Amino acid sequence: MKIFLSGAEAYRYALSNEPKQKAPYLLQTFYDVRRKDKNDIIRMLNSCEDFILDSGAFTFMNVGKKVHWKSYVDDYINFINKYDIKHFIELDLDYVEGLEKTEKIRKYIEQKTGKKTIPVWHAKTRGLDYFKKTCEEYEYIALSTMEISKKGVYTRYDENMLRQLVKIAHKYGCKVHGLGYMSFKELNNPRINFDTIDASSWNGSIWGNMTVFKHGKLSKKKAPSNLTSKQISKKDYETWVKISIEKGKK
């Protein structure tokens with residue numbers, strides 16, 4: 001399983017010259033990197049073996065500004081073409097613009113880039129038949145692993161459902177990415193068997209915790225009180241680089 005480290009801190013560490021901070025797999029959102037220095041973007045892309053570009057549509061929708069999807073999509077396309085991005089996620093706008101418009105945007109991106117996007121499947125808007133059809137048409141898809149209610153409450157999808165969906169996808173020869181699914185339970189004892197996952201939750205400094213990786217297993221411990229947030233983040237990132245390398249071999 002490939003573990004893609006994401007977030008602003010992951011981007012910053014990717015620019016480091018320290019070998020211990022060279023994560024093999026990175027995910028960044030277009031919204032976050034679109035205005036970064038060109039040379040830094042190239043350095044970041046060259047620092048890893050595999051890279052996924054997320055559209056950043058969710059972030060874009062929540063910045064409190066009027067959404068101009070046409071210009072945002074065109075900028076996304078130009079970025080993909082400029083840096084020859086191989087793996088990029090569609091703008092999954094099912095809940096705000098509807099599935100039909102989401103599909104039109106997806107096809108537009110694919111037409112302008114000459115490459116297939118990574119479609120994102122949502123249980124409430126796409127259904128099982130749509131999932132199977134997507135697996136037939138695409139070699140790589142993403143699964144939204146949680147839903148958000150109208151009250152803003154996140155609910156994780158049932159583990160058994162996710163496992164069955166991944167099994168179906170694999171029967172079609174389709175790889176599956178678990179969006180935001182960095183579960184210690186799954187990493188220690190894979191049951192869903194995602195091909196790739198991502199998350200920014202590797203950074204334990206947010207909660208004052210640190211990740212421990214021993215004998216191939218992950219656990220958490222309370223960070224020593226004498227460490228600063230930056231020191232915790234650095235140590236955690238280096239640990240997750242080791243985890244990514246080890247898990248990526250399997």
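Just so it is clear, the values below take in all heavy atoms, side chains as well, and ignore hydrogens, waters and symmetry mates. Just so you know, these numbers come straight off a predicted model, no measurement behind them.
Here E90 pairs with R106 in a salt bridge; the nearest charged N to carboxylate O distance falls below 4.0 Å. A salt bridge links R12 to E9: one of the charged nitrogens lies within less than 4.0 Å of a carboxylate oxygen. Between D75 and R34, none of the side-chain N atoms (NZ, or NE/NH1/NH2) sits under 4.0 Å from a carboxylate O, so this pair counts as no salt bridge. Between K70 and D74 there is a salt bridge, since at least one side-chain N of the basic residue sits less than 4.0 Å from a carboxylate O of the acidic one. Here K115 pairs with D84 in a salt bridge; the nearest charged N to carboxylate O distance falls below 4.0 Å. At a threshold of 4.0 Å, the pair K132-E136 does not count as salt-bridged, since none of the basic side-chain nitrogens sits closer than that to a carboxylate oxygen. Between D40 and K38 there is no salt bridge, since no side-chain N of the basic residue sits under 4.0 Å from a carboxylate O of the acidic one.
Taking the ring axis of Y11 as reference, the NZ or CZ atom of K36 stays within 45° of it and closer than 6.0 Å to the ring centre.
Rounding to the nearest 0.5 Å gives a distance of 10.5 Å between CD of E110 and CD1 of I77. Once rounded to the nearest 0.5 Å, the distance linking CE of M182 with OG of S200 reads 8.0 Å. Residue I52 holds its CD1 atom at 5.0 Å from CD1 of I118, rounded to the nearest 0.5 Å. Annotation: the span from Y140 atom OH to T134 atom OG1 amounts to 15.5 Å, rounded to 0.5 Å. Rounding to the nearest 0.5 angstrom, the gap separating the CZ atom in F194 from the OG1 atom in T196 is 9.0 Å. Considering CG of L53 and OH of Y31, their distance stands at 15.0 Å, rounded to 0.5 Å.
Annotation: salt bridge (charged side-chain N to carboxylate O under 4.0 Å, His left out) contacts of D50 (sequence neighbours excluded): K2. With sequence neighbours excluded, no residue forms a salt bridge (charged side-chain N to carboxylate O under 4.0 Å, His left out) with K242. In this structure F79 satisfies the ring-ring contact (aromatic ring centres under 6.0 Å, His included) test together with F30, Y83, sequence neighbours excluded.
The aromatic rings of F184 and W240 lie tilted to each other, with the angle between the two planes from 30° to 60°.
Smallest separation of non-hydrogen atoms from T125 and L99: O-CD2, 3.6 Å. For the pair I192 and Y181, the tightest heavy-atom approach, listed with the atom from each and the gap, is CD1-OH, 3.3 Å. Scanning all heavy atoms of the two residues, the minimum distance from A57 to L93 falls at CB-CD2, 3.8 Å. Among all heavy-atom pairs drawn from C135 and C174, the shortest one is O-CB, 4.0 Å. Shown here for A223 and I232, the closest heavy-atom pair between the two residues is CB-CD1, 3.5 Å. When every heavy atom of G216 is checked against every heavy atom of N188, the shortest pair comes out as O-OD1, 4.2 Å.
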Requested in this report: Might you work through the side-chain contact (heavy atoms from CB on, under 4.5 Å) test for K235 and T211, ending with a clear yes or no?
Outcome: CA-CA 9 Å; K235 288 181 178 292; T211 301; over 6 Å; no

Report task. For the pair I243 and L218, evaluate side-chain contact (heavy atoms from CB on, under 4.5 Å) and give the outcome as yes or no after the intermediate values. Result -> CA-CA 9 Å; I243 294 168; L218 289 77; 3.6 Å; yes

Query - Residues L27, L5; criterion side-chain contact (heavy atoms from CB on, under 4.5 Å); working and verdict - result: CA-CA 6 Å; L27 180 147; L5 304 185; over 6 Å; no

Report task. Assess whether side-chain contact (heavy atoms from CB on, under 4.5 Å) is satisfied between W69 and E97, documenting all intermediate values. Result -> CA-CA 10 Å; W69 288 122; E97 299 290 343; 3.0 Å; yes

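Of the candidates I89, I141, T102, I141 is the only one forming a side chain to side chain contact (heavy atoms under 4.5 Å, CB included) with P119.
A donor-acceptor pair under 3.5 Å is formed between the side chain of S183 and the backbone N or O of E186. In this structure, the side chain of W121 engages the main chain of G127 through a donor-acceptor pair within 3.5 Å. Side-chain N or O atoms of K116 include one that pairs as donor or acceptor with a backbone N or O of E137 at under 3.5 Å. S6 places a side-chain N or O within donor-acceptor distance of the main-chain N or O of A199, the cut-off being under 3.5 Å. Under the 3.5 Å distance criterion, the side-chain polar atoms of Y72 are matched with a main-chain donor or acceptor of S55. Of the possible donor and acceptor atoms, none in the side chain of D195 sits under 3.5 Å from a partner among the backbone N and O of H177. The main-chain N or O of M210 is never found under 3.5 Å from a side-chain atom of D236 such that the two would form a donor-acceptor pair. Checked by atom type and distance alone, the side chain of S47 pairs as donor or acceptor with a backbone atom of M44 at under 3.5 Å. The closest donor-acceptor contact from the side chain of Q21 to the backbone of A14 lies at 3.5 Å or more, if one exists at all. At distances below 3.5 Å, at least one donor-acceptor pair connects side-chain atoms of T145 with backbone N or O atoms of L179.
In terms of hydrophobic clustering, with Ile, Leu, Val, Met, Phe, Trp and Tyr side chains grouped at heavy-atom distances under 4.5 Å, I109 and V33 are assigned to a common cluster. Tracing side-chain contacts under 4.5 Å through hydrophobic residues (I, L, V, M, F, W, Y), one reaches V166 starting from M1; they form part of the same cluster. There is a path of hydrophobic side-chain contacts, each under 4.5 Å, that joins I197 to V176. Under the 4.5 Å side-chain heavy-atom criterion for Ile, Leu, Val, Met, Phe, Trp and Tyr, I80 and V120 are members of distinct hydrophobic clusters. By the rule that hydrophobic residues join a cluster once side-chain heavy atoms approach within less than 4.5 Å of another member, W207 and L227 end up as members of separate clusters.
No more than 12 heavy atoms of other residues, nucleotides or ligands lie within 6.0 Å of NZ in K20, so this atom counts as exposed by the packing criterion. Atom NZ of K22 has more than 12 neighbouring heavy atoms from other residues, nucleotides or ligands inside a 6.0 Å radius.
The distance between the ring centers of W202 and Y237 falls below 6.0 angstrom.
There is a side-chain donor-acceptor pair under 3.5 Å between Y13 and S233. If you check the side chains of N160 and R163, you find a donor sitting under 3.5 Å from an acceptor.
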